[in-house]
Amino acid sequence: MSTPPDPASGALGGRAAADRTAYWRTNLRYVATLLAIWFAVSYAAGILFVEQLNAFTLPGTSFPLGFWFAQQGSIYVFVALIFAYVVLMNRLDRRFGVDEGEETAPGGSAH
Amino acid sequence: MNVQAWTFVLVGLSFALYIGVAIWSRARSTRDFYVAGTGVSPLANGMATAADWMSAASFISMAGIVSFLGYDGSVYLMGWTGGYVLLALLLAPYLRKFGAFTVPDFVGDRYYSQAARVVAVICAIFVSFTYVAGQMRGVGVVFSRFLEVPVELGVVIGMGIVFFYAVLGGMKGITYTQVAQYCVLIFAFMVPAIFLSLMMAGTPIPQLGFGGADPATGVPLIKKLNGLHQELGFAAYTSGAKSTLDVFAITAALMVGTAGLPHVIIRFYTVPRVRDARISAGYALVFIAILYTTAPAIAVFARTNLLETVRDTPYESVPEWFTKWEGTGLLTFADENGDGLIQYVGPNATDAAGAPITNELTVDRDIMVLANPEISGLPDWVVGLVAAGGLAAALSTAAGLLLVVSSAVSHDLLKRGLRPEISEKGELIAARVAAGVAVVVAGWLGINPPGFVAEVVALAFGLAASSFFPVILLGIFTKRTNREGAVAGMVSGITFTAAYIVWFKFVDPAANTAENWWFGISPEGIGTVGMLINFAVAIAVSRVTPRPPRAVTNMVEDIRVPRGAREAHDINA
């Protein structure tokens with residue numbers, strides 16, 4: 001079938017299958033939490049409750065709050081979410097010993 | 001130097017830069033050609049992804065669309081950025097671990113099926129051609145307005161440049177040219193925005209400027225614009241006309257469509273490691289967000305400027321830019337009441353006596369970004385810079401799309417389908433020939449654009465959302481989804497979405513109104529429903545058909561763990 005055998009892919013293989021499950025569960029929990037925030041700032045604040053939030057302005061500016069979320073705030077939060085995920089996952093990879101070390105990086109220089 | 005001389009110089013310099021980069025980074029193997037040898041640093045990949053993603057539509061059209069739609073324009077701002085969160089969290093790291101060359105590679109292998117691969121190839125080619133036609137059109141518009149050459153010649157010049165570096169350099173050449181193009185386009189976008197923000201809000205940061213106040217009067221800009229809109233009979237800028245459900249559906253379709261677009265996904269195959277794929281999605285969104293958070297500021301500045309400039313101005317004394325754009329047919333004035341003044345008003349406008357006023361000015365929203373520096377009286381070199389930026393945006397996206405078409409033909413159809421025995425050298429030649437043919441077809445579409453480019457783009461997003469995204473997601477996050485489920489899901493999702501769009505856009509355009517739409521969801525947003533159908537069908541069918549083979553479940557286990565990501569490989573090799 002498609003994937004050729006690869007010794008490195010068995011990184012978790014030697015350990016208990018429980019480890020693999022725990023790694024994946026934690027990953028799913030991170031994803032679910034971050035996507036809940038993703039939904040809240042765009043679909044909830046920027047669309048579903050935009051009228052209610054427009055009754056307020058963003059402190060220090062003249063932006064109606066809902067309008068600001070729809071055209072500015074949601075985008076800033078999106079960026080923050082991806083970097084949060086990067087940090088969380090790099091830490092998780094190391095904790096479970098499935099990270100890719102510098103020395104194993106293939107490809108080498110860009111050109 | 002005048003505007004035209006500046007434009008020639010700046011466009012010429014930027015083209016010379018792209019060609020230089022392409023020669024320096026030409027491709028020597030299929031791995032170089034398809035995935036740039038997986039040696040691209042995450043930062044460079046982020047920049048290249050941003051240039052790849054931000055097309056002529058983002059650079060030239062989006063601020064203008066937001067300017068005319070006000071709050072409703074938010075669907076594009078959120079929709080075309082939020083998809084990167086889905087990519088980074090749900091798709092990119094796993095697809096990098098899988099380590100293939102193309103999107104149909106993943107679909108075909110995960111679902112152990114040539115049928116699934118072929119469906120994916122067809123979607124990839126269709127979606128990419130749709131886009132590329134729009135890019136070539138953008139190239140033509142910039143050339144005809146700023147360099148005053150015929151649109152056809154402009155398209156041919158643009159084709160020549162793309163042909164040169166896409167065919168020579170493949171993904172490697174494209175990636176490093178896109179890094180250069182990102183720098184050109186973001187500089188060109190930000191310079192006029194900073195000037196405008198200083199003029200209109202007294203701060204160099206546009207993102208703050210449009211929430212600020214007019215330094216002369218102290219009136220908040222947004223309030224001033226809402227006031228102007230009310231006086232002239234337009235709906236308030238900060239409130240929308242679309243229904244909440246429709247805004248929701250369009251935003252979701254654009255987000256999911258973004259995450260399902262093949263030319264975006266393959267960018268994450270080019271980095272060395274899984275964690276590089278995650279972080280490069282983050283960098284890409286930072287680079288994209290710089291433009292996407294500036295665009296709504298430009299929209300407010302441009303709208304206010306336009307309304308103040310043309311409002312009740314005698315037609316005799318209009319500025320030079322007005323006459324020039326009239327020459328392109330993108331700006332038209334008809335003196336309905338014969339008073340010699342320009343009445344630019346909305347549907348609710350009335351005069352002092354309460355009688356309705358007729359609108360006399362039609363402004364194509366695509367010209368807002370290009371005309372903005374002239375409307376605001378910025379220096380000539382800024383106008384030339386914007387032209388170079390628009391071309392950078394169009395060319396970088398066109399090149400990325402052409403690569404998808406070329407790899408779909410040479411890799412998915414030949415190597416993995418009809419001619420598995422083809423040699424490395426033969427495959428590379430096939431890839432170059434396919435890229436060459438694709439450039440010519442794209443150029444032809446740019447010179448003879450189908451009259452419905454905008455509609456076809458909606459179709460492209462809808463198809464990407466309703467086909468690729470669900471099957472890739474299920475392929476990673478469930479082990480139970482099998483061949484039967486994936487094929488049934490893709491076919492039903494695509495068929496539903498395509499049928500809905502084709503019906504309202506082509507078969508019966510007269511019926512394309514909110515009353516006739518299902519649940520009030522417009523064709524632009526129907527991809528969201530198509531995606532849900534795809535999910536439902538794929539899960540249901542998988543439940544009643546045999547489990548995927550053991551090897552496939554093992555593969556899913558394997559891609560969920562980062563360690564052991566290899567260079568993108570030819571899977572049969």
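Letters go in sequence order (proteins before strands), and every chain restarts at 1.
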**Approximate separation, where rounding is to 0.5 Å, of Tyr76(A) OH and Thr293(B) OG1** = 4.5 Å
**Message:** At a 4.5 Å cut-off on heavy atoms, which part of Phe39(A) comes close to chain B: side chain, backbone, both, or neither?
**Reply:** side chain
**Side chain to side chain, Leu34(A) and Val85(B), heavy atoms closer than 4.5 Å** = no
**Complete:** Applying a strict 4.5 Å limit to non-hydrogen atoms, the region of Phe83(A) in contact with chain B is side chain
**Asked** What part of Ala252(B) gets closer than 4.5 Å to chain A, counting heavy atoms only: side chain, backbone, both or neither?
**Response** both
**Message:** If we count only N and O atoms by modelled type, under 3.5 Å, do the side chains of Ser74(B) and Gln71(A) hold a donor and an acceptor together?
**Reply:** yes
**Prompt:** What part of Val50(A) lies closer than 4.5 angstrom to a heavy atom of chain B: side chain, backbone, both or neither?
**Reply:** side chain
**Request:** Heavy-atom distances under 4.5 Å only: say whether Leu48(A) touches chain B with side chain, backbone, both or neither.
**Result:** both
**Message:** For the interface with chain B, which of Val86(A), Val77(A), Thr61(A) has the highest count of heavy-atom pairs at distances below 4.5 Å?
**Reply:** Val86(A)
**Request:** Quick one: pull up OH in Tyr43(A) and CZ in Phe248(B) and give me the separation to the nearest 0.5 Å.
**Result:** 6.0 Å
**Asked** Tyr84(B) versus chain A, heavy atoms under 4.5 Å apart: side chain, backbone, both or neither?
**Response** both
**Prompt:** Do you know which of Ala295(B), Ala289(B), Gly82(B), Ala44(B) has the most heavy-atom pairs under 4.5 Å to chain A?
**Reply:** Gly82(B)
**Prompt:** With a 4.5 angstrom heavy-atom cut-off, which part of Tyr30(A) approaches chain B: side chain, backbone, both or neither?
**Reply:** neither
**Fill in**
Nearest heavy-atom contact between Met78(B) and Ala70(A) is CG-O, 3.3 Å
**Complete:** Given Ile82(A), Val41(A), Val87(A), the one with more heavy-atom pairs under 4.5 angstrom with chain B than any other is Ile82(A)
**Item:** chain B contacts, top residue of Leu81(A), Asn27(A), Ile47(A) (heavy-atom pairs, under 4.5 Å)
**Value:** Ile47(A)
**Item:** Output field: ring centroids Trp68(A)/Phe210(B) closer than 6.0 Å
**Value:** no
**Asked** Do Leu89(B) and Trp38(A) have side chains that get closer than 4.5 Å, going by heavy atoms?
**Response** no
**Prompt:** Do the charged groups of Arg273(B) and Asp93(A) touch, with an N to O distance under 4.0 Å?
**Reply:** no
**Fill in**
Ser239(B) meets the side chain to side chain donor-acceptor pair (under 3.5 Å) criterion, sequence neighbours left out, with none
**Request:** Report the residues that fulfil side chain to side chain donor-acceptor pair (under 3.5 Å) with Gln114(B), sequence neighbours left out, ordered by chain and then residue number.
**Result:** Arg117(B)
**Request:** Under 4.5 Å heavy-atom distance to chain A, tell me which part of Leu90(B) shows up: side chain, backbone, both or neither.
**Result:** side chain
**Request:** Over 60° means perpendicular and under 30° means parallel, so classify the ring planes of Trp24(A) and Tyr94(B), tilted if in between.
**Result:** perpendicular
**Fill in**
Closest non-hydrogen atoms of Gly212(B) and Ser62(A), given as atom of the first, atom of the second and distance, are O-OG, 3.7 Å
**Complete:** If one checks every heavy atom of Ser74(A) against chain B at 4.5 Å, the contacting part turns out to be side chain
**Message:** Let me confirm one number: the OG1-CZ distance from Thr81(B) to Phe78(A), rounded to the nearest 0.5 Å.
**Reply:** 4.5 Å
**Item:** Top of Tyr292(B), Phe477(B), Tyr76(B) for chain A proximity - count of heavy-atom pairs under 4.5 angstrom
**Value:** Phe477(B)
**Message:** Could you tell me if the side chain of Pro562(B) sits less than 4.5 Å from the side chain of Met89(A), heavy atoms only?
**Reply:** no
**Asked** Given the options Leu86(B), Val66(B), Leu87(B), which has more heavy-atom pairs under 4.5 Å with chain A than any of the others?
**Response** Leu86(B)
